[in-house]
Structures are given as C-alpha cells and as structure tokens.
Amino acid sequence: MAVRVRIAPSPTGNLHIGTARTAVFNWLFARRNEGTFVLRIEDTDKARSRDEYTENIKSGLSWLGLNWDEGPIFQTQRLDKYQQAVQTLIDKGLAYYCYCSAQELDEMRETQKAKGLAPGYDNRHRNLTEEEIETFEAEGRKPVIRFIIDEARTIVWEDKVRDKVVWKGGDLGGDMVIARAAENDNEPFGQALYNLAVVVDDIDMQITHVIRGEDHIANTAKQILLYEALEASVPEFAHTPLILNEEGRKLSKRDNVTSIDEFRKLGFLPEAMVNYMTLLGWTFPDSTKEIFTLDEAAKEFDLDRINKAGAKFDWNKLDWINTQYLHQMPVDRLIDLLIPYWQDAGFEVDKYDRTWLESLTAMTAPTLTRLTDVIKETKIFFTDSVEYGAEAIELLRQEKVAEVLKEVIAAIAENTQLEETEAKDIIKQVTKSQKVKKGLVMRSLRAGLTGELHGPDLTQSWLLLNHRGLDKPRLQQALEKI
Ligand code: GLU
C-alpha cells in the first residue's frame with residue numbers, strides 16, 4: 001500500500017519546533033517510501049485559530065524545505081463530514097446524547113476526588129429512558145454527543161517507536177464527547193471535536209502512518225476505538241519523543257525561543273535546522289554522521305531508529321551544526337543570506353559593489369556561528385568611525401606608534417585602490433624606516449584601523465577599508481587618541 005502521511009498543525013500559534021520536527025519525520029518517511037506528505041490545517045478552534053498563523057506555518061515549512069504533496073486541507077471546510085460521522089455513530093447506537101449540565105459534571109468530579117477516584121465521566125446518561133430524555137429536553141438542556149467507551153476493553157497497538165502499547169478502556173475517562181451542544185435550534189448537535197475530526201480525516205485521506213508527538217498517545221487509544229466504530233482500517237502509529245528543555249521538561253512557550261521564525265531571525269540556516277531537528281530523536285545508521293541533508297537522511301530514514309526517550313534541546317549542538325553549514329557555504333550564496341541582516345542593522349549594502357562585499361564575506365565567514373554574528377563582525381567596515389577600546393588606546397600610546405601611523409598615512413596618499421602587495425610593501429618600508437619590529441607596525445595598524453587588537457586578517461581588513469576610502473581618516477582619528 002502506498003505510504004501516506006500527514007502533518008496536522010493547529011493554527012493557534014506560529015510554527016513550533018515540536019511540530020516542525022514531527023513534520024521532518026513525516027517528510028523523511030514519505031520520501032523514503034516514495035509516499036505522499038499531506039498538510040492539514042486543524043482550524044476548528046475558531047476562537048484561537050488565525051490566518052496569520054496558517055501563513056506562518058506554511059512559510060516555515062517551505063523555508064525548511066519540507067514541501068507537501070497535497071493540501072493544505074482545512075478542517076473548517078470539512079465540518080459536514082464530521083457531522084455525518086457523528087450521526088452515523090448515533091444511528092449505530094455507538095454514541096448518545098448526554099444532557100449533563102456543567103454543574104452536574106463539576107459535582108461528579110468533586111465526589112470522585114473526595115473518594116480518591118480518577119476524574120472522568122461516569123457514563124450516567126448512557127442509557128436514558130424516553131421519559132428522562134423528554135424531561136431534559138423540556139428543561140431546554142442542550143445535549144453534547146458522547147461516544148461509548150467500553151471499560152472492559154483493552155486497546156493494544158504495535159507502535160513503530162514505542163513497540164507494544166496497551167491501554168485499558170477504563171482508563172480513558174469515560175464515554176468521550178465527540179460533538180458539542182448545538183448552537184442553533186435547527187441542529188441536532190454542534191461542532192464535532194478533535195478526536196472525531198482527526199479520525200474522519202485520516203480515514204478520508206487514506207493516511208497509512210500517523211507519526212506524531214507522544215503527547216497524543218492517550219488520543220490514539222480513543223481514536224482506535226473510533227476507527228473500529230466507523231469500520232475503517234486502523235493506520236500504523238509512531239509516537240515520537242518530546243523535545244525537552246535544559247531541565248528535562250517539555251519544551252514550551254516559556255522556553256522563549258520555540259517558533260521556527262524565531263530561529264530564523266536568530267541567524268540559523270534552514271539546512272542546519274532540519275539537520276538538527278532530525279537528530280532530535282533519530283540517528284543516522286552510521287551514528288558518527290551528524291551532518292547530512294534532508295535528502296541524505298531520506299535515503300536511510302527508518303521509524304525503528306527513532307529513540308523512545310525524550311530529546312534534550314542543545315543550543316551548543318545547534319550552533320555547531322549551523323557553523324558546519326556556514327563555513328562551507330559558497331560566498332555568493334552567503335552574501336545573499338547576509339544582506340537582509342545587514343539591511344536590518346541599517347548598513348546600506350546596496351551602496352557597495354559586489355566584489356567588495358564578496359571579499360568582506362569571504363574574510364568574515366570563518367568567524368560566523370550564526371548569520372546574525374555578521375553584524376558585530378563587519379560593523380567597522382560599514383561605519384565611518386570606530387570606537388577605540390582601552391587596549392587599543394594603550395597600544396596606540398606606545399612609543400613610535402604615532403610615527404608609524406603618520407608614515408602609513410603618507411604612503412597611502414590618495415590611493416583608494418590599494419593592492420595586497422602594495423599594502424605589504426608599505427608595512428615593510430615603515431618597519432625599516434622607523435626601525436621597529438614588524439609586529440609593532442601590524443599591531444599599530446590594527447588598533448588604528450579597527451579599534452581593537454584582535455580580528456580577521458589584517459591586510460584584508462585594511463584593503464577593504466582602503467577601497468572605501470576609510471583607512472586614512474581612521475588612522476587620522478587614531479592619531480587624535482594618542
Ligand atoms: N492538531 C494536532 C496538534 O497540533 C495534531 C493532531 C495529530 O497529529 O493527530 O497537536
């Protein structure tokens with residue numbers, strides 16, 4: 001049977017890293033099996049769903065390279081299907097109208113608590129008589145629809161990640177609500193709820209493997225009962241481990257950075273993100289291989305290799321992976337990625353020619369961990385003046401430094417086309433005529449040009465500044481500090 005999988009986010013927030021990681025696994029599984037990856041938007045929670053979140057989810061998946069083959073399919077466009085399924089279950093005697101009021105349910109829970117029992121619905125309206133129904137109707141009560149859960153049933157499935165999973169019907173909290181009460185008088189019942197909608201969709205969309213976070217395990221037990229009741233075949237299930245924060249708890253909104261958008265803004269590359277997310281719960285068959293593309297992973301991907309244990313989110317590892325991609329990226333592509341970050345920082349990059357940007361990027365690339373680092377690493381090449389650090393000022397005030405800088409200024413003259421050999425010759429000549437060590441000339445130049453004692457290749461930095469006519473004024477600025 002052709003593999004069909006889906007990612008089914010609710011548009012109640014931006015694309016979350018947990019959802020994105022589930023999408024990665026589904027995408028890899030689909031590609032490995034030449035299957036179909038469906039995007040379904042579970043937007044039935046009208047109060048919390050927003051179009052902008054749907055857009056964010058779609059653009060996030062696209063940015064990560066997780067292209068979907070079908071969809072997006074919106075649940076709100078399929079409400080009729082869910083209503084029909086609820087009606088089918090009622091007609092079959094597998095679901096019923098429950099008239100319990102909120103107050104009754106609260107009292108029931110209080111009693112259960114007092115007796116030390118697990119909270120749940122006690123199925124009290126499962127077998128109402130005609131008279132009881134008439135009385136409730138006459139009182140104007142609006143019933144919900146509950147699906148009968150047989151307490152004596154044991155639900156078992158072979159999970160692709162967790163192996164055999166066993167749930168007792170009695171541990172599912174009683175007969176479950178599958179549809180809300182009607183909002184209008186002309187409807188028999190209101191909107192269907194999550195578990196019912198998901199099952200109807202997965203049946204209609206012929207989903208063969210449901211790969212999702214392990215927080216859905218209890219839902220799976222309930223959903224299997226719904227598949228059976230709707231006489232549909234049950235798909236395979238794979239429950240992936242949760243992503244944990246540093247304290248070992250489920251990564252949540254409280255952990256600050258959790259949406260894919262935020263990772264993008266922090267300067268992570270999409271290829272590094274998907275690589276890292278794949279490693280959050282899966283290992284390459286050659287476990288020493290940690291850097292791989294989605295396509296490489298797709299060739300080897302196997303649900304059996306997903307870990308059972310939760311995966312701790314590790315910023316250092318993500319940074320390391322990002323570095324691997326950044327440092328091997330062709331300069332041309334890197335510039336295009338850096339331009340928006342420069343622009344955000346207010347550097348008018350369109351004023352500079354491409355060759356200059358290429359040299360700057362080539363020189364800076366090895367220092368970058370995240371794209372955002374480029375701001376601090378290249379700031380001095382865009383701004384007219386620099387701030388001199390205490391160490392640089394101390395150096396500038398050493399004996400002979402002023403003479404060295406004056407001679408360099410004279411040698412530069414009006415040249416803004418300095419070449420590498422010329423720059424090196426100037427350093428040699430100044431070293432000789434000032435009778436100082438070459439190291440002092442280099443340090444003086446670095447301090448004078450950059451305001452710091454450490455940084456990228458000095459000659460390259462000088463040339464970059466020279467080609468913008470910034471070296472001479474800056475050395476003059478340095479002289480004023482002496
Ligand atoms: N809409 C659910 C969620 O965002 C996913 C449901 C599923 O994968 O079955 O958690």
Side-chain angles (χ1 to χ4, degrees), residues 3-30 35-58 60-61 66 68 70-79 81-82 85 155 157 159-162 165 167 172 176 178 191-227 230 232 234-243 250-253 258-260 277 281 303 306:
V3 161
R4 290 178 59 83
V5 293
R6 81 315 191 263
I7 183 75
S10 306
T12 51
N14 287 334
L15 179 63
H16 183 272
I17 183 153
T19 311
R21 201 271 316 254
T22 305
V24 171
F25 287 167
N26 276 283
W27 187 95
L28 290 172
F29 189 70
T36 304
F37 175 49
V38 182
L39 171 60
R40 182 169 78 221
I41 303 289
E42 304 206 322
D43 56 347
T44 50
D45 182 346
K46 287 189 202 115
R48 292 171 60 226
S49 296
R50 286 210 222 134
D51 289 348
E52 70 201 65
Y53 293 139
T54 300
E55 283 316 309
N56 180 280
I57 290 165
K58 279 163 51 185
L61 291 173
L66 303 171
W68 53 96
E70 286 178 20
I73 296 161
F74 293 87
Q75 285 195 323
T76 44
Q77 289 172 10
R78 297 174 43 79
L79 297 176
K81 303 253 179 204
Y82 314 139
I155 304 133
W157 75 92
D159 196 279
K160 291 282 175 201
V161 175
R162 308 175 63 85
V165 181
W167 270 86
L172 290 175
M176 84 167 137
I178 52 171
Q191 192 177 304
L193 295 186
Y194 164 74
N195 277 309
L196 189 275
V198 165
V199 171
V200 169
D201 282 348
D202 286 341
I203 295 171
D204 278 1
M205 293 162 202
Q206 298 175 316
I207 299 301
T208 55
H209 296 73
V210 173
I211 305 167
R212 61 184 171 197
E214 68 176 27
D215 44 340
H216 282 290
I217 286 195
N219 285 329
T220 298
K222 293 175 185 169
Q223 291 177 13
I224 287 176
L225 297 176
L226 286 168
Y227 279 100
L230 294 166
V234 180
E236 300 282 356
F237 289 97
H239 288 94
T240 59
L242 298 179
I243 304 178
K250 184 182 168 184
L251 198 73
S252 73
K253 288 210 175 99
T258 49
S259 88
I260 291 301
M277 286 192 283
L303 296 173
I306 297 180

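Just follow the structure's listing: the first ligand is 1, and inside any ligand the first atom is 1.
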Need the ligand 1 atom indices (1-based, order shown) with element for anything under 4.0 Å from a heavy-atom of Tyr194. 6 (C), 7 (C), 9 (O)
Protein heavy atom at shortest distance from atom 8 (O) of ligand 1: Arg6 NH1, 2.8 Å
May I ask you to check whether Arg48 and Ser10 show a side-chain donor-acceptor distance below 3.5 Å? no
Below 3.5 angstrom, do we get any N/O pair linking Val198 and ligand 1? no
Pairing donors with acceptors under 3.5 angstrom, does anything connect the side chains of Tyr82 and Asp201? yes
Can you tell me which residue and heavy atom of the protein come closest to atom 10 (O) of ligand 1, and the distance to 0.1 Å? His216 NE2, 3.0 Å
Which residue owns the protein heavy atom closest to atom 5 (C) of ligand 1, what's the atom, and how far is it? Ala8 O, 3.3 Å
Sequence neighbours left out, what passes side-chain hydrogen bond (donor to acceptor under 3.5 Å, both in side chains) with Ser259? Give chain and number order. Glu262
Polar contact flag for Arg40 and ligand 1 (N/O pairs, less than 3.5 Å): no
Going by the atom numbers of ligand 1, which of them fall below 4.0 Å from some non-hydrogen atom of Glu42? 1 (N), 2 (C), 5 (C), 6 (C)
Under the side-chain contact (heavy atoms from CB on, under 4.5 Å) test against Arg6, which residue among Ile73, Ile211, Val198 passes? Val198
What side-chain donor-acceptor pairs closer than 3.5 Å can you find for residues 12-20, not counting sequence neighbours?
| from | atom 1 | to | atom 2 | distance (Å) |
| --- | --- | --- | --- | --- |
| Asn14 | OD1 | Asn56 | ND2 | 3.3 |
| His16 | ND1 | Gly18 | N | 2.8 |

After noting the C-alpha distance and the side-chain angles of Asp215 and Lys250, does the key distance pass the salt bridge (Lys or Arg N to Asp or Glu O under 4.0 Å) rule? CA-CA 10 Å; Asp215 44 340; Lys250 184 182 168 184; 3.4 Å; yes
